[in-house]
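A quick note: this is a predicted structure, and the numbers were derived from the prediction, not measured.
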Amino acid sequence: MRRQRNARAQWNLWLRWLHTYTSMISLLVVLFFALTGITLNHPDWVFGSGETTRELSGTLRPGWIQGGDVNWLSVAEDLREQQNLHGRAGDTRMDGTEASLTFAAPGYSADVVIDAQTGRYTARVLQQDALAVLNDLHKGRDAGGSWKWLIDLSGAVLALVAVTGIGILLFLKKTRVQALSVMGVASVLVLVLAGAALR
């Protein structure tokens, strides 16, 4: 009996320790995703300056295309250097007389169209405000691999916080029934609202 009590006490201690420190690690992550979750849910809210659009033009260095084959890496680096474009370069296309590619980052895009004969290009750059950048980071949109790993890691840590919180709750005799009842009612309410949203 004493051994069982000691094991329960040890589990309780470990759950509290894990819950406390994973909560501390994830506080800013929770705050970030909570606030941007609200702003994502209200796209009509406007803060700051909105979005700006710029039109740029120039000429690529010789050698960007040879025999109809485009050196996309060279093109992207040339555009970054000449026009300070940034983000992930992709969506490349070549159709004989015209080539195009896009740069994308959270809250940012640049669509570039290139004349295959002359190397002359035009670029339309769209820069959104800070709120749109944060919303795109929330979704992981055009954010790159490292940020997506952070989102996955944050999800895992938050799941651990929830599981350890429930585990601690099971050790609290005085409030266990009431707390589990509240959790059950809240879970049913979430399922009902989700079902209503899918109709």
Less than 4.5 Å apart, any side-chain heavy atom of [X] and any of [Y]?
| X | Y | answer |
| --- | --- | --- |
| R120 | I114 | no |
| T164 | R16 | no |
| T53 | V125 | no |

Determine, using the 4.5 Å side-chain heavy-atom cutoff (strictly less than), whether W72 and I65 are members of one ILVMFWY cluster.
-> yes

Please answer: with hydrophobic residues joined when any side-chain heavy atoms are less than 4.5 Å apart, are L101 and L56 in the same cluster?
-> yes

For H138, enumerate each residue passing the ring-ring contact (aromatic ring centres under 6.0 Å, His included) test, keeping only those at least two apart in sequence or located in another chain.
-> F33

Only distances under 3.5 Å count here; give the side-chain donor-acceptor pairs of residues 139-159 to other protein atoms, sequence neighbours excluded, each with its distance to 0.1 Å.
residue : atom : partner : partner atom : Å
W147    : NE1  : L137    : O            : 2.7
S154    : OG   : L150    : O            : 2.7

Take the angle between the ring planes of W17 and W14 and call it parallel below 30°, perpendicular above 60°, tilted in between.
-> perpendicular

Measure the spacing between CZ of R124 and OG of S109 and express it to the nearest 0.5 Å.
-> 7.5 Å

The reported gap from CD1 in I166 to CG in L15 (rounded to nearest 0.5 angstrom) is 11.0 Å

Which donor-acceptor pairs under 3.5 Å do side chains of residues 183-197 form with protein atoms, sequence neighbours excluded?
residue : atom : partner : partner atom : Å
S187    : OG   : M183    : O            : 2.8

Looking only at heavy atoms, which two atoms of D136 and G107 are closest? And how far apart?
-> OD2-N, 2.8 Å

Please name the pair of heavy atoms, one in V133 and one in Q127, separated by the smallest distance, quoted to 0.1 Å.
-> CG2-NE2, 4.3 Å

Is there a donor in the side chain of T36 and an acceptor in the side chain of N135, or the other way round, less than 3.5 Å apart?
-> no

When you look at L85 and V112, which way does the side chain to side chain contact (heavy atoms under 4.5 Å, CB included) test go after all the steps?
-> CA-CA 10 Å; L85 301 185; V112 183; 4.0 Å; yes

Sequence neighbours excluded, every pair satisfying ring-ring contact (aromatic ring centres under 6.0 Å, His included) that has a member inside residues 79-111 | H86-Y108

Would you be so kind as to tabulate the donor-acceptor pairs closer than 3.5 Å made by side chains of residues 89-96, with sequence neighbours excluded?
residue : atom : partner : partner atom : Å
R93     : NE   : S100    : OG           : 3.3
R93     : NH1  : D95     : OD2          : 2.8
R93     : NH2  : E98     : OE1          : 3.3
R93     : NH2  : S100    : OG           : 3.3
D95     : OD1  : E98     : N            : 3.1

Verify the neighbour count for atom CD of Q66: are there more than 12 heavy atoms of other residues, nucleotides or ligands below 6.0 Å?
-> no

For residues 73-83, dump all side-chain donor-acceptor pairs below 3.5 Å to protein atoms at least two apart in sequence or in another chain.
residue : atom : partner : partner atom : Å
E77     : OE2  : R80     : NE           : 3.4
D78     : OD1  : R61     : NH1          : 2.7
D78     : OD1  : Q82     : NE2          : 2.9
D78     : OD2  : R61     : N            : 2.9
D78     : OD2  : Q82     : NE2          : 3.4
R80     : NH1  : G87     : O            : 3.0
R80     : NH2  : G87     : O            : 3.0
E81     : OE2  : R61     : NH2          : 2.9
Q82     : OE1  : Y121    : OH           : 2.7
Q82     : NE2  : T59     : O            : 3.1
Q83     : NE2  : S57     : O            : 3.1
Q83     : NE2  : Y121    : OH           : 3.0

Between L18 and L160, is a side chain to side chain contact (heavy atoms under 4.5 Å, CB included) present by the stated rule, with each step listed?
-> CA-CA 8 Å; L18 195 56; L160 187 59; 4.1 Å; yes

